[in-house]
Engineer: 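Dropping a structure here in structure tokens format, bear with me for questions.
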Amino acid sequence: FELALRQYIAAFDGTSNISPSEFKSRFDNLYQKNFIFHTKDGKILTREEVYERESSQLASGTKVTLIHFRKIGLECFDIKLGLANGEKHSTIRVVTTMSAKQAAVSREIDESPEANV
């Protein structure tokens with residue numbers, strides 16, 4: 001899983017020089033067919049919605065860096081990513097549960113001061 005994640009992140013180098021088929025292949029290696037993403041504001045995104053969102057980020061030249069990757073359970077990982085696109089910088093932290101060496105469910109963690117009181 002970690003290798004697939006690192007290969008996927010490498011596509012987001014800010015240049016969008018990866019072919020659509022290669023990007024789709026890396027996405028397919030990382031995410032299970034029934035993958036679900038829970039956003040910090042309570043929305044649930046399907047695998048296809050995640051693909052569309054991340055394809056858009058790739059096309060817009062978003063650069064992604066891995067801040068941390070920690071195993072926190074038998075098949076559970078805490079992952080924090082830095083995202084940069086021009087002057088816009090942000091981070092996203094997710095807890096991902098795997099199954100069969102692929103991401104099955106990810107839940108975005110709200111790290112805002114208001115959420116952690």
Side-chain angles (χ1 to χ4, degrees):
F1 174 74
E2 184 177 1
L3 178 59
L5 176 66
R6 289 181 183 276
Q7 289 173 336
Y8 186 71
I9 290 171
F12 292 89
D13 63 359
T15 65
S16 63
N17 283 339
I18 187 171
S19 72
S21 61
E22 177 61 22
F23 179 70
K24 179 74 167 131
S25 174
R26 291 183 191 190
F27 182 87
D28 290 343
N29 287 338
L30 185 60
Y31 297 109
Q32 280 192 347
K33 297 288 182 210
N34 58 350
F35 175 75
I36 297 172
F37 184 84
H38 297 267
T39 67
K40 64 184 174 188
D41 58 358
K43 293 180 186 169
I44 297 174
L45 302 179
T46 65
R47 182 179 191 269
E48 189 57 38
E49 290 169 324
V50 171
Y51 179 75
E52 292 301 321
R53 184 177 76 167
E54 294 183 359
S55 294
S56 175
Q57 289 175 329
L58 179 72
S60 70
T62 299
K63 183 174 175 73
V64 177
T65 54
L66 181 63
I67 296 172
H68 74 237
F69 178 86
R70 298 179 182 133
K71 188 170 186 172
I72 58 173
L74 186 60
E75 298 228 346
C76 193
F77 296 88
D78 176 358
I79 303 163
K80 187 169 185 176
L81 303 170
L83 292 88
N85 193 324
E87 296 298 313
K88 185 178 177 189
H89 298 273
S90 62
T91 60
I92 183 170
R93 184 174 176 197
V94 296
V95 172
T96 299
T97 303
M98 303 178 20
S99 179
K101 299 183 181 179
Q102 288 182 303
V105 177
S106 289
R107 182 171 305 276
E108 185 177 13
I109 305 301
D110 188 348
E111 294 190 296
S112 67
E114 300 82 22
N116 293 295
V117 176

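All values below come from the heavy atoms of this structure, side chains included, with hydrogens, waters and symmetry mates left out.
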Engineer: So, for Gly86 and His89, which heavy atoms are closest and what is the spacing to 0.1 Å?
Structural biologist: O-NE2, 3.7 Å
Engineer: Which heavy atom of Phe23 sits nearest a heavy atom of Ala11, and at what distance?
Structural biologist: CD1-CB, 4.2 Å
Engineer: Quick one: do Phe12 and Ile18 satisfy side chain to side chain contact (heavy atoms under 4.5 Å, CB included)? Show the steps, please.
Structural biologist: CA-CA 9 Å; Phe12 292 89; Ile18 187 171; over 6 Å; no
Engineer: Please give me the minimum heavy-atom distance between Arg47 and Lys24, naming the atom from each residue.
Structural biologist: NH1-NZ, 3.8 Å
Engineer: Does some side-chain heavy atom of His38 sit less than 4.5 Å from a side-chain heavy atom of Glu108?
Structural biologist: no
Engineer: Given Phe27 and Asn29, is the side chain to side chain contact (heavy atoms under 4.5 Å, CB included) satisfied, shown in steps?
Structural biologist: CA-CA 5 Å; Phe27 182 87; Asn29 287 338; over 6 Å; no
Engineer: Starting at CD of Glu48, measure out to OG of Ser55 and round the result to the nearest 0.5 Å.
Structural biologist: 8.0 Å
Engineer: Applying salt bridge (Lys or Arg N to Asp or Glu O under 4.0 Å), can you list everything that pairs with Glu2, at least two apart in sequence or on another chain?
Structural biologist: Arg6
Engineer: Less than 3.5 Å apart, which donor and acceptor atoms pair up between the side chains of residues 74-84 and the rest of the protein, not counting sequence neighbours?
Structural biologist:
residue	atom	partner	partner atom	Å
Asp78	OD1	His68	NE2	3.0
Asp78	OD1	Arg93	NE	2.9
Asp78	OD2	Arg93	NE	3.3
Asp78	OD2	Arg93	NH2	2.5
Lys80	NZ	Glu111	OE1	3.3

Engineer: Backbone N or O of Thr96 within a donor-acceptor pair of the Arg107 side chain at under 3.5 Å?
Structural biologist: no
Engineer: Please check: side-chain N/O of Gln32 versus main-chain N/O of Ser99, any donor-acceptor pairing under 3.5 Å?
Structural biologist: yes
Engineer: Got a sec, which residues hit salt bridge (Lys or Arg N to Asp or Glu O under 4.0 Å) with Glu49, two or more places apart in sequence or on another chain?
Structural biologist: none
Engineer: Do Phe35 and Tyr51 pass the side chain to side chain contact (heavy atoms under 4.5 Å, CB included) test, and can you show the C-alpha distance, the side-chain angles, and the key distance before you say yes or no?
Structural biologist: CA-CA 11 Å; Phe35 175 75; Tyr51 179 75; over 6 Å; no
Engineer: At their closest point, which heavy atom of Ser60 faces which heavy atom of Asn85, and how far apart are they?
Structural biologist: OG-ND2, 2.9 Å
Engineer: For side chain to side chain contact (heavy atoms under 4.5 Å, CB included), just list the numbers for Val94 and Ile109, CA-CA rounded to whole Å, side-chain angles, deciding distance to a tenth of an Å, and then say yes or no.
Structural biologist: CA-CA 5 Å; Val94 296; Ile109 305 301; 5.9 Å; no
Engineer: In Å and rounded to the nearest 0.5 Å, what is the CG to CD distance from Leu45 to Glu54?
Structural biologist: 9.5 Å
Engineer: Does Lys101, at its NZ atom, have more than 12 non-hydrogen atoms belonging to other residues, nucleotides or ligands within less than 6.0 Å?
Structural biologist: no
